[in-house]
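Remember, predicted model here, so these are calculated numbers, not experimental data.
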Amino acid sequence: MHPNPLSSSAVSRRIVLRAGVGAAAIAACAPLFAQSPAKVLRIGYQKFNTLNILKGTGQLEKALAPSGVKVEWAEFLGGSQLSEALAAGAIDFGHASDGVGVFQQASGKGLVYLAAESPYPGGVGFLVPRESPIRSVRDLRGKKVVTGRGYNTQYVLIRALEAAGLRYEDIDPVYIVTASDTVAAYQSGSVAAIGLWDPFLAGAQVATDSRLLFDGSGLSGNRTYHFAQPGFARANQELLRTVFAELRKANAWAQAHPADVVATLAPQLKVEPKVLALATERRQYGVVALTPAIAKEQQGLADVFAQLKLIPKPIEVKEAFLDLNLV
């Protein structure tokens with residue numbers, strides 16, 4: 001955890017207070033707030049992602065200081081909680097995984113995609129005990145496999161099963177909410193395989209006697225996306241251009257200096273350097289504009305979730321893309 005972030009529990013309290021005002025009142029007031037440029041930018045981030053690295057450099061604060069804009073950072077355990085905070089107006093901007101993007105759009109929360117991150121297929125994967133008889137995806141038939149409902153791990157699992165000629169119904173999915181719950185189930189010996197994402201995937205690889213059964217390679221881009229409410233984004237385009245300019249610089253620095261990324265984040269995250277080193281070496285850093293190809297990639301995920309009835313109805317992902325030429 002970071003030494004002094006706006007904690008996810010604090011954000012939750014703010015969400016509850018806002019909810020007490022009533023959804024109709026929030027909806028009525030939101031456009032008024034969006035008309036004026038922000039003087040405080042509230043950013044939601046998760047461990048190890050690119051916004052986390054930007055926070056660690058301190059460069060965004062320096063870039064925004066001349067305009068009088070201050071930055072507040074809020075750490076979240078997962079993208080679902082982050083998107084809820086965005087929808088409630090507790091934060092202004094943040095990133096979440098591909099699966100979270102589909103869920104928030106299907107739920108009608110009104111959030112929009114602003115940009116994407118480079119593919120990171122090695123950052124999501126499934127582990128089995130090193131001595132497990134499970135040697136291929138086909139061996140998962142009838143077995144308990146831990147994943148999150150709507151998580152990037154679930155999509156990768158579905159695609160892997162399809163590639164092996166299996167259906168999702170051929171396994172016994174065990175749904176979890178946090179990475180710590182996933183590892184606890186794994187260590188209990190009650191499940192055959194677990195799905196995790198970096199840095200938690202790297203952490204489990206280092207700390208447990210495990211074998212990587214498969215990762216997202218050839219199955220999913222495992223992208224992170226940047227989200228905001230459309231009113232906020234349109235009213236704060238210059239502010240967001242500064243954010244993305246600094247994010248591009250942070251990504252270029254991270255790509256060129258992986259050892260420095262580890263040195264910067266390890267004490268901040270309270271994560272062992274060798275865990276971050278493993279996660280960093282398989283990552284490609286970069287923020288990119290939304291494109292038709294990225295929309296198609298994300299649409300594949302949305303279609304799978306609709307087929308499984310994980311979302312209430314099919315969606316067109318590109319309808320939630322907001323092109324403000326920020327990247």
Next item on the list: Using the side-chain contact (heavy atoms from CB on, under 4.5 Å) rule, take L64 and K70 through it: C-alpha gap first, then chi angles, then the decisive distance, then the call.
Entry: CA-CA 7 Å; L64 292 177; K70 296 183 178 180; over 6 Å; no
Note to self: Less than 6.0 angstrom separating the ring centers of H95 and F227, yes or no?
What the structure shows: no
Margin query: With rounding to the nearest 0.5 angstrom, report the CG to CG distance, L60 to L51.
Written below: 9.0 Å
Next item on the list: Look at the aromatic rings of Y285 and F48 and report parallel, tilted or perpendicular, splitting at 30° and 60°.
Entry: perpendicular
Check: Side-chain contact, heavy-atom cut-off 4.5 Å: D260 with W253?
Finding: yes
Check: Where do R234 and Q237 come nearest, in terms of heavy atoms and distance?
Finding: O-NE2, 3.1 Å
Next item on the list: For the residue pair Y155 and N222, confirm or rule out a side-chain donor-acceptor distance under 3.5 Å.
Entry: no
Next item on the list: Could you tell me whether the side chains of Q268 and N52 share a donor-acceptor contact shorter than 3.5 Å?
Entry: yes
Margin query: I need the minimum non-hydrogen distance between G99 and L301, along with the two atoms involved.
Written below: CA-CD2, 3.9 Å
Checklist line | Heavy-atom side-chain proximity of R138 to L161 below 4.5 angstrom | finding: no
Check: Can you name the nearest heavy-atom pair linking A116 to I294, along with the distance?
Finding: CB-CD1, 4.0 Å
Margin query: Given L114, which partner from the list L326, V243, D323 fulfils the side chain to side chain contact (heavy atoms under 4.5 Å, CB included) test?
Written below: L326
Margin query: Whether D98 and R223 form a salt bridge (side-chain N of Lys/Arg under 4.0 Å from carboxylate O of Asp/Glu) is what I want to check.
Written below: no
Note to self: Y120 and side-chain hydrogen bond (donor to acceptor under 3.5 Å, both in side chains): which single residue from T224, N49, D215, D198 fits?
What the structure shows: D198
Notebook entry, point to check: Are W197 and Y151 side-chain neighbours, meaning at least one heavy-atom pair lies under 4.5 Å?
Noted result: yes
Check: Any side-chain heavy atom of V124 within less than 4.5 Å of one from L196?
Finding: no
Check: Is the F103 to F305 ring centre distance short of 6.0 Å?
Finding: yes
Item checked: I171 and its side chain to side chain contact (heavy atoms under 4.5 Å, CB included) partner, picked from L166, L157, I158 -> L157
Next item on the list: Please state whether the rings of Y168 and Y175 are parallel, tilted or perpendicular, taking 30° and 60° as the class boundaries.
Entry: tilted
Notebook entry, point to check: Does the side chain of V112 come within less than 4.5 Å of Q229's, by heavy atoms?
Noted result: no
Checklist line | Min side-chain heavy-atom separation L82-L86 under 4.5 Å | finding: yes
Check: Taking side chain as C-beta onward, heavy atoms only, is I43 less than 4.5 Å from E72?
Finding: no
Note to self: Do R159 and S220 have side chains that approach each other closer than 4.5 Å (heavy atoms only, starting at C-beta)?
What the structure shows: no
Note to self: Looking at every non-hydrogen atom in both residues, tell me the closest pair between T50 and R283 and how far apart they are.
What the structure shows: CG2-NH2, 3.6 Å
Margin query: The test is side-chain contact (heavy atoms from CB on, under 4.5 Å); show your working for Q284 and N251 and say whether it passes.
Written below: CA-CA 9 Å; Q284 182 77 24; N251 281 338; over 6 Å; no
Note to self: Please determine whether side-chain contact (heavy atoms from CB on, under 4.5 Å) holds for the pair Y186 and S210, giving the CA-CA distance in whole Å, both sets of side-chain angles, and the decisive distance to 0.1 Å.
What the structure shows: CA-CA 10 Å; Y186 187 55; S210 300; 2.8 Å; yes
Item checked: Derivation and outcome, side-chain contact (heavy atoms from CB on, under 4.5 Å), residues V288 and E117 -> CA-CA 6 Å; V288 297; E117 291 287 331; over 6 Å; no
Checklist line | NZ/K109: more than 12 non-hydrogen atoms of other groups inside 6.0 Å | finding: yes
Next item on the list: Might you point out which heavy atoms bring L240 and F93 nearest each other, and give the distance in Å?
Entry: CD2-CD1, 4.0 Å
Item checked: Closest non-hydrogen atom pair, I53 against A254 -> CD1-CB, 4.3 Å
